[in-house]
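Shown next, in structure tokens, is the structure this report addresses.
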There are 2 protein chains.
Amino acid sequence: MTVSQQVSVLERLQTDGVLAAACPTRTVLDHVTSKWGVLLLVALSESSRRWGELRRDVEGISEKMLAQTLRTLEGDGLVHREVTATVPPRVDYSLTPLGTDLVSRLLPLMEWILENADDILAP
Amino acid sequence: MTVSQQVSVLERLQTDGVLAAACPTRTVLDHVTSKWGVLLLVALSESSRRWGELRRDVEGISEKMLAQTLRTLEGDGLVHREVTATVPPRVDYSLTPLGTDLVSRLLPLMEWILENADDILAP
DNA sequence: CGGGATCCATACTGATACTG
DNA sequence: CAGTATCAGTATGGATCCCG
């Protein structure tokens with residue numbers, strides 16, 4: 001990414017929002033960067049997952065926050081919820097096209113964190 | 001990004017951490033995606049800024065969270081703090097090379113949010 | 001100007017119990 | 001299996017006042 005591109009993004013962030021309070025993009029940013037939102041989106045990046053799988057994939061998440069975060073992401077149109085009316089019931093979660101697009105921007109960031117976590121926490 | 005790349009990133013996230021609890025990368029992720037951390041990093045993306053400038057740039061941030069978040073980011077080696085001992089005192093904040101590198105991964109995400117916020121919140 | 005200290009409200013977490 | 005409901009404890013954020 002060139003410097004001129006960086007500047008233009010920053011300028012648009014200032015005028016259109018994000019850095020401005022009360023801007024709708026703040027809400028989206030909060031959802032996307034929420035503690036569990038990122039991890040769930042990443043966990044869904046490869047394939048659709050069932051409730052119990054997500055609960056195991058994302059270690060440490062409580063059932064309450066799992067349900068709450070999934071509902072938020074579903075409401076944002078990032079995650080698709082599909083119920084199969086069987087006994088026992090089966091519910092699959094998957095990324096929507098919008099969610100897939102978002103995750104493609106998210107994974108480079110996660111990869112960076114993975115590679116640099118040691119540098120950050122070591123000193 | 002290809003599918004094979006996505007899979008490899010996810011697999012490394014599962015084995016090396018992030019999705020695993022008690023992993024150091026979780027801490028880094030929390031700092032980077034903290035409510036104000038993202039906005040401050042972006043605000044610093046173009047040039048170094050003074051305390052008062054950041055306070056105005058990032059609308060809605062309280063002085064407490066500004067100080068707290070800046071100290072965290074400084075401790076993570078992402079932000080550099082430079083004090084000029086004058087009267088009145090002057091303190092400048094800027095991105096470290098590590099911080100600059102991180103922001104280059106962060107801006108595409110912010111740009112995506114900017115472009116898709118309407119689609120997410122409208123329905 | 002650039003913070004630190006304090007108090008309060010909210011959000012999150014954890015444990016448990018219950019349901020279709 | 002996939003949740004919902006509730007309560008209690010904790011962590012986090014915000015508002016305010018104060019200081020060198």
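Numbers restart at 1 for each chain; the letters A, B, ... are given by sequence-line order, proteins then strands. All values derive from a computational prediction rather than experimental measurement. FYI, side chains are in, hydrogens and waters are out, and symmetry mates aren't considered; it's all heavy atoms of this structure.
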Distance, rounded to the nearest Å, where [X] contributes [atom1] and [N] contributes [atom2]:
X	N	atom1	atom2	answer
B/I61	D/dA15	CD1	C1'	14 Å
A/L66	C/dA15	CG	C1'	16 Å
A/D30	C/dA11	CG	C1'	12 Å
B/R26	C/dT13	CZ	P	10 Å
A/R56	D/dG3	CZ	P	13 Å
B/R55	D/dT16	CZ	P	11 Å
A/E82	D/dA2	CD	P	13 Å
A/R49	D/dA2	CZ	P	12 Å

Can you see which heavy atom on [X] is nearest to which on [Y], and at what distance?
X	Y	result
B/T96	B/H80	CG2-N, 3.8 Å
B/Y93	B/L44	O-CD2, 3.3 Å
B/A43	B/L54	CB-CD2, 4.1 Å
B/L98	B/G77	CB-O, 3.8 Å

Contact list (N/O, under 3.5 angstrom) for nucleotides 1-6 of chain C vs protein:
| unit_1 | atom_1 | unit_2 | atom_2 | d |
| --- | --- | --- | --- | --- |
| C/dC1 | O3' | B/R50 | NH2 | 3.2 |
| C/dG2 | OP1 | B/R50 | NE | 3.2 |
| C/dG2 | OP1 | B/R50 | NH2 | 3.0 |
| C/dG2 | OP2 | B/G52 | N | 3.1 |
| C/dG3 | OP1 | B/R81 | NH2 | 2.1 |
| C/dG3 | OP2 | B/Y93 | OH | 2.5 |
| C/dG3 | N7 | B/E63 | OE1 | 3.3 |
| C/dG3 | O6 | B/E63 | OE1 | 3.4 |
| C/dG4 | OP2 | B/R71 | NH2 | 3.2 |

SB check A/R105 B/E111 (cutoff 4.0 Å):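 Salt bridge flag = no for B/E111 with A/R105.
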Mind checking whether A/W51 and A/V87 sit in one hydrophobic cluster, side chains of I, L, V, M, F, W, Y counted as touching below 4.5 Å?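 Per the 4.5 Å side-chain linkage, A/W51 and A/V87 are not co-clustered.
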Short side-chain N/O contact to D/dG14 OP1/OP2 from B/W36, under 4.0 Å: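 So the side chain of B/W36 is within the cut-off, an N or O lying under 4.0 Å from OP1 or OP2 of D/dG14.
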Can you find a side chain N or O atom of A/K35 that sits less than 4.0 Å from OP1 or OP2 on C/dT13?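 So the side-chain polar atoms of A/K35 do come within 4.0 Å of the phosphate oxygens OP1 or OP2 of C/dT13, strictly under.
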Considering only heavy atoms from C-beta outward, does the side chain of [X] approach that of [Y] to under 4.5 Å?
X	Y	answer
B/V103	B/V42	no
A/R81	A/V79	no
A/R49	A/L40	no

Kindly calculate the angle separating the two end axes of the helix from C/dC1-D/dG20 to C/dG20-D/dC1, each obtained from five base pairs, and round it to 10 degrees.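 It comes to 50° between the two terminal axes.
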